[in-house]
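Every number for a ligand or one of its atoms is a count from 1 in the order of the listing.
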Amino acid sequence: DFRPDDVHDEYQKTADWLRSQTKHRPQVAIICGSGLGMLADALKCQDSFAYSDIPGFPQSTVQGHAGRLVFGELKGKTCVCMQGRFHMYEGHSLCKTTFPVRVFKLLGVKTLIVTNAAGSLADGLQPGDIMIIKDHVNFPGLVGLNPLSGPNDDKFGPRFPAMSDCYNKDLRCLAMEIAKQMGVASLVQEGVYAMVGGPNFESIAEAKLLHQLGVDAVGMSTAPEVVVATHCGLRVFGLSLITNKVVKSYEDSDSVNHEGVLEVGRLRSQTVQQLVTELISRMDINNNSTNNTV
Ligand SMILES: O=P(O)(O)O[C@@H]1C[C@H](O)[C@@H](CO)O1
Ligand SMILES: Nc1nc2[nH]cnc2c(=O)[nH]1
């Protein structure tokens, strides 16, 4: 039998262990996408933990995902940063892939920043561009693969959470303003992210379908984390680093690979880090308006 109270205890045990190991009490959590682990480098007074040492934590198996949880201070805010996330295609259940998000909630986090590497379908998005996520299509979720499936844990949020404003508008506007001030506005635009299961990249027919559906960028993560975060009332900001163009034509001889994805992450690391750092610095930590606050 599935008992929500037992499951809740698992999140609580991990949160209690982390509290006993660090004095940091984070207000902001950051999940680093493929090749974007350097986002943690900006944190001062770091306490870091290998995932393998954290009770209840899954393990990272993907190259470019170090598998370390880093606590620290950033411009007056206390943060926790996941250097490496968990993907469904690694064989984790969606509950496991999103496990850290609920732990963050129990640690007192108010805002979640999700980042990922993604392929672009929109003609206006080039490799190296940054897409501020306006909305998502959660393909696994649409067919019932949802981390919220099963008995609802009322301690975290409602049975039927709204997802119509899951990417906070104020933070999106602030990020755009910061991009302008940094002089990189031409690299940054808003768009719709779609999560597919992976681990294979898209066939050409799949790419054409996603394009026709109005998807701007596609990846293999993020949406389940955002669903769980929104369910428990966290404010969310998301960005995709566009690492490749998704091949949409049978005449195109380009092809994507994970090494190339990581390389674009390295090339744009400074810009992404500066944007995220500035966003954290300027965000109002006490303004946390979401639909699903419990
Ligand atoms: O963790 P993210 O979503 O950034 O990782 C993307 C999707 C695959 O895991 C990988 C493909 O290169 O990058
Ligand atoms: N599904 C998918 N994930 C990605 N992650 C980085 N690039 C891509 C891509 O082209 N497709």
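Inspection of the E90 and Q59 side chains reveals no N or O donor paired with an N or O acceptor under 3.5 Å.
At a heavy-atom cutoff of 4.0 Å, ligand 2 is contacted by the backbone of A118 but not by its side chain. When non-hydrogen atoms are compared, ligand 2 lies under 4.0 Å from the backbone of V218 as well as from its side chain. Under 4.0 Å from ligand 2, not a single heavy atom of N116 appears.
The aromatic ring centres of F86 and F99 sit 6.0 Å or more apart. Taking the six-membered ring for Trp and the full ring otherwise, W17 and F49 have centroids separated by under 6.0 Å.
Residue-ligand proximity: G198 is placed with every non-hydrogen atom at 4.0 Å or more from ligand 2.
One N or O on the side chain of R25 and one on the backbone of R19 form a donor-acceptor pair closer than 3.5 Å.
Ion pairing between D123 and K248 holds under the 4.0 Å rule for side-chain N and carboxylate O. Electrostatic pairing of E177 and K180 does not count as a salt bridge here, judged by no charged N lying under 4.0 Å from a carboxylate O.
The aromatic rings of Y89 and H87 sit parallel to each other, their planes meeting at less than 30°, with 60° as the upper class boundary. Ring-plane geometry between H136 and Y167 is classed as perpendicular, the angle between the planes exceeding 60 degrees on a 0 to 90 degree scale with a lower cut at 30.
For ligand 1, the 4.0 Å heavy-atom shell contains residues G33, S34, H65, R85, H87, Y89, N116, A117, F201, M220, S221, H258, V261.
For ligand 2, the atoms lying closer than 4.0 Å to a non-hydrogen atom of V196 are 1 (N).
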